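For ligands, and for the atoms within them, numbers begin at 1 and follow the listed sequence. These numbers come from the heavy atoms of this one structure, side chains and all, not from hydrogens, waters or symmetry mates. What you see is a predicted model, and the numbers here were worked out from it, not measured in a lab.
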Amino acid sequence: MTAEHDAASGDASFPQAQTRHDFPRNLGVVRARIAAAAERSGRRSEEVRLLPVSKTVPEVRLRLAVQAGCREFGENKVQEARRKHDNLADLDLRWSVIGHLQTNKAKDVAAIAAEFQALDRVRVAEVLDRRLQAVGRGLDVYVQVNTSGEDSKYGLPPEEALAFLRQLPRFTALRVQGLMTLAVFTDDTDRVRACFTRLRELRDRAREHDPDLIGAGGLSMGMSGDYETAIEQGSTVVRVGQAIFGARALPDSYYWPGAGG
Ligand SMILES: *Cc1c(COP(=O)(O)O)cnc(C)c1O
């Protein structure tokens with residue numbers, strides 16, 4: 001395991017949430033840090049949405065998170081999202097798929113998700129739109145951009161994002177909400193910050209070019225290890241898993257090829 005990976009996953013520093021007392025505690029810590037980061041950067045904490053990322057966390061524990069006030073969850077893999085959606089159907093929950101999507105899973109996303117944050121191919125937009133039209137649903141989407149320059153990460157190269165956004169209006173079931181990114185995995189805060197700044201500047205340029213292309217112009221950026229930095233750079237959605245639920249046993253390479261672990 002590399003030093004970079006250690007820094008990114010932070011392992012032991014994320015306490016497990018197992019009992020019904022643990023969830024309000026962990027959520028309280030995260031919310032307080034969001035508020036402090038927002039205040040430092042002259043923003044209001046209500047401008048930042050906390051999306052709890054529940055991958056690998058079993059349904060019994062998600063019920064405790066719901067009791068502690070969570071109303072939505074982000075999942076990286078469609079199959080896992082589908083299973084949890086079905087097993088928790090008695091609760092009124094909003095599901096966000098935040099990981100790379102293969103076209104053969106688009107049907108499941110159209111059936112269960114309110115949001116998809118990893119759109120980076122026209123083909124996926126096309127298949128999703130067709131499935132959504134068939135079931136009469138809409139879907140909030142974020143376009144994923146690779147701001148770290150790492151080959152191994154998903155997402156569009158920044159210079160292709162504008163042209164990509166221009167192709168989306170014809171997919172009328174997709175409601176573009178903004179851009180999404182993962183920063184480089186390192187404890188070098190300046191390099192992490194540069195990724196977030198890049199996404200914000202890209203959003204600003206798209207807006208200047210044509211405000212209709214980018215919806216509300218949201219920025220989904222920031223995870224357990226870097227959400228405060230992301231908020232300082234303008235994040236409107238932070239995707240936080242381990243800081244709420246506890247350190248994950250599975251290496252991040254299971255979710256992103258090349259992430260280490
Ligand atoms: C897992 C995941 C997160 C959250 O990561 P944590 O380290 O658990 O906060 C955010 N975004 C994506 C795309 C993920 O897969």
Legend entry - Proximal atoms of ligand 1 relative to Ile98 (non-hydrogen, under 4.0 Å): 11 (N), 12 (C), 13 (C), 14 (C)

Legend entry - Atom indices of ligand 1 within 4.0 angstrom of Gln242 heavy atoms, with elements: 6 (P), 7 (O), 8 (O), 9 (O)

Legend entry - Salt bridge present between Asp90 and Arg63 (N-O < 4.0 angstrom): yes

Inset, instruction - Say whether, by atom type as modelled, one donor and one acceptor occur between the side chain of Asp129 and the main chain of Ala173 under 3.5 angstrom. - result: yes

Inset, instruction - Examine Gly241 against ligand 1 and note whether any of their N/O atoms are separated by less than 3.5 Å. - result: yes

Legend entry - Salt bridge present between Arg44 and Glu39 (N-O < 4.0 angstrom): no

Inset, instruction - Can you sort out which atoms of ligand 1 are near Lys55, meaning under 4.0 Å from one of its heavy atoms? - result: 1 (C), 2 (C), 3 (C), 14 (C), 15 (O)

Legend entry - Residue portion contacting ligand 1 (non-hydrogen atoms closer than 4.0 Å) for Val53: side chain

Inset, instruction - May I ask whether Arg248 places a heavy atom under 4.0 Å from ligand 1? - result: yes

Legend entry - Test item: side-chain donor near acceptor, Arg239 and Ser220, under 3.5 Å: yes

Legend entry - Lys/Arg N to Asp/Glu carboxylate O, Glu126 vs Arg123, below 4.0 Å: yes

Inset, instruction - Just jot down the ligand 1 atoms closer than 4.0 angstrom to any heavy atom of Val240, in number order. - result: 9 (O)

Legend entry - Check ion pair Glu59-Arg83 (N to O, under 4.0 angstrom): yes

